[in-house]
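A quick write-up on the structure given underneath.
What you see is a predicted model; the values in this text were computed from it and never measured. Below, chain A is the first sequence line, B the second, and so on; all start at residue 1.
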2 protein chains.
Amino acid sequence: MAATDKALAGLRQMIASGELGPGAKFPPEPELCDHLGVSRSSLREAVRSLGALGVIESRHGSGTYVSALDPAAIISRFSLSVELIPLEGVLELLEVRRVLESHATAAAAARQDPELAQRLGAILDRLESTTDATEIQHLDAEFHGAICTAGGNSTVTALTGVIRGRGGHYRIFEPGADFDAIKRTSDRGHRAILDAITTRDPAAAATAASAHIAQTELWLRALRPDPQPELP
Amino acid sequence: MAATDKALAGLRQMIASGELGPGAKFPPEPELCDHLGVSRSSLREAVRSLGALGVIESRHGSGTYVSALDPAAIISRFSLSVELIPLEGVLELLEVRRVLESHATAAAAARQDPELAQRLGAILDRLESTTDATEIQHLDAEFHGAICTAGGNSTVTALTGVIRGRGGHYRIFEPGADFDAIKRTSDRGHRAILDAITTRDPAAAATAASAHIAQTELWLRALRPDPQPELP
DNA sequence: GTGCCAGAAATGGTCTGATGACTTACGCTT
DNA sequence: AAGCGTAAGTCATCAGACCATTTCTGGCAC
């Protein structure tokens, strides 16, 4: 087995066996090299691999630690790869978002939480009064994110967030011929979702969310040419 | 910005900008070091990071290439991190699987595909006649995997597969007091799913799949102590 | 005794150079 | 034209040195 793979397997085993739980500190690099039988370079490459996956994290001058191993945090790391997926693949991902988010929206509607509806309404008021593409994107994320959070499953929130972030790189809301029509349709969709939540109608909420995201899929399909994601 | 981060950003930018598409080959390491302004160690750590995420892959003696950037392949890389998530988190993930897989099962039922029903029936025949834990796990994966594939979204198939694989590390089907009852309930659940697919009833299929996976969640909750995932 | 500060120790981050291992391409032989 | 061996190209690994950051420790001032 290759050196880096050996180190990778060893590190994973230390976590999987329970020897090191969430937040635990690894031995210093020289000690790990000795224990795993690889050079420092190979060990460090293995550490980077697990770091990219959100499993461990190194702090300069302090040490290397097992992460919290929280599913939401780990899924968020996916954005590093998802942001590079071409449009073809993004459309498949949007189906995942549609299914998960309509589920979460129904769960949010089932909750007896007037404060949530009020907060969502405030977001929509701001969203409907702006035409700035960046602001639209942020408020849209805030709206859907708040609903998913109310849905109660942080993993779903993280996953839908990653996918939504990827879709956001395709600027639907650029000033153009169709801008007004698209914006009006989008605003209507958001209001339909909020109405269903306000009236505590989970089935209507699921339908509204599903339709809203399906509409986004249609817009993206029309945008095929020239995707230019911006990296942070 | 740190050297490795600089290299990471540079590599991602080369892909995101379209300079290098799926399958394209990167320049040799020394050239990349020069271009990105970092040492070879730092470059290699950045490459490993993106490799772990399934974005690029290095082939010894050949070169470093952009991966296919297929969403299903990228999601499959998640198993490296998901397999390390503690039981608490796995339960949240199972809700994701339940929602996605019941959707995919409904889609499979909507298809007019007698050959699928026949194939699934053959799997269940084998599954019902075995009591070996490993074989049960494999046949269960084959059954649900075939259904998800028929659902038509490879991203959903990959995601549910990763989560199912994680759950599989908790051995529900170990010989014990409840083995017979659990096995019988599980078999019944599978048959209910197949019946719904055979009769082309998407709603019933979604319900059956959802109930079946919810049952798994209950069994896992009862298994809290001593999870020992086996790494390959 | 408490709080602060400087220095020392511990630890990860980066760079350099050399060597090994594998793949690919080329040219030679048959 | 096919097969084969060699050479070039490329990634994999190791070793050692030095830098940057964090953390610990001891002593000093109050």
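Within a 6.0 Å radius of CD in B/Glu115, other residues, nucleotides and ligands contribute more than 12 heavy atoms. By the 6.0 Å contact criterion, CG on A/Asp132 is enclosed, its count of non-hydrogen atoms from other residues, nucleotides or ligands being greater than 12.
Regarding A/Phe26, its CZ atom lies at a distance of 13 Å from the P atom of C/dG13, rounded to whole Å. Between A/Leu8 atom CG and D/dA12 atom C1' the separation is 15 Å, expressed in whole Å. The interatomic distance linking B/Tyr65 (OH) with C/dC22 (P) rounds to 17 Å, in whole Å.
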Please report, to 0.1 Å, the donor-acceptor pairs under 3.5 Å made by any side chain of residues 138-150 of chain A, with sequence neighbours excluded.
residue	atom	partner	partner atom	Å
A/Asp140	OD1	A/His144	NE2	3.4
A/Asp140	OD1	A/His190	NE2	2.8
A/Glu142	OE2	A/Arg126	NH2	3.4
A/His144	ND1	A/Glu101	OE2	2.6
A/His144	NE2	A/His190	NE2	3.3
A/His144	NE2	A/His212	NE2	3.3
A/Thr149	OG1	A/Gly145	O	2.8

Dump the pairs, protein N or O against N or O of nucleotides 6-9 of chain D, anything under 3.5 Å, distances to one decimal.
residue	atom	partner	partner atom	Å
D/dG9	N2	B/Gly61	O	2.8

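Listed for the B/Arg12 side chain is a donor-acceptor partner under 3.5 Å among the backbone atoms of A/Leu80.
Classification of B/Glu29 and B/Arg40 as a salt-bridged pair holds, one side-chain N sitting under 4.0 Å from a carboxylate O.
In this structure, of D/dA12, C/dG13, C/dC15, it is D/dA12 that holds the atom nearest to the side chain of B/Ser58.
No side-chain donor-acceptor contact under 3.5 Å links B/Ser67 and B/Glu57.
Of the residues in residues 30-53 of chain A, those placing a heavy atom less than 4.0 Å from an atom of DNA chain C are A/Arg40, A/Arg44, A/Arg48, in numerical order.
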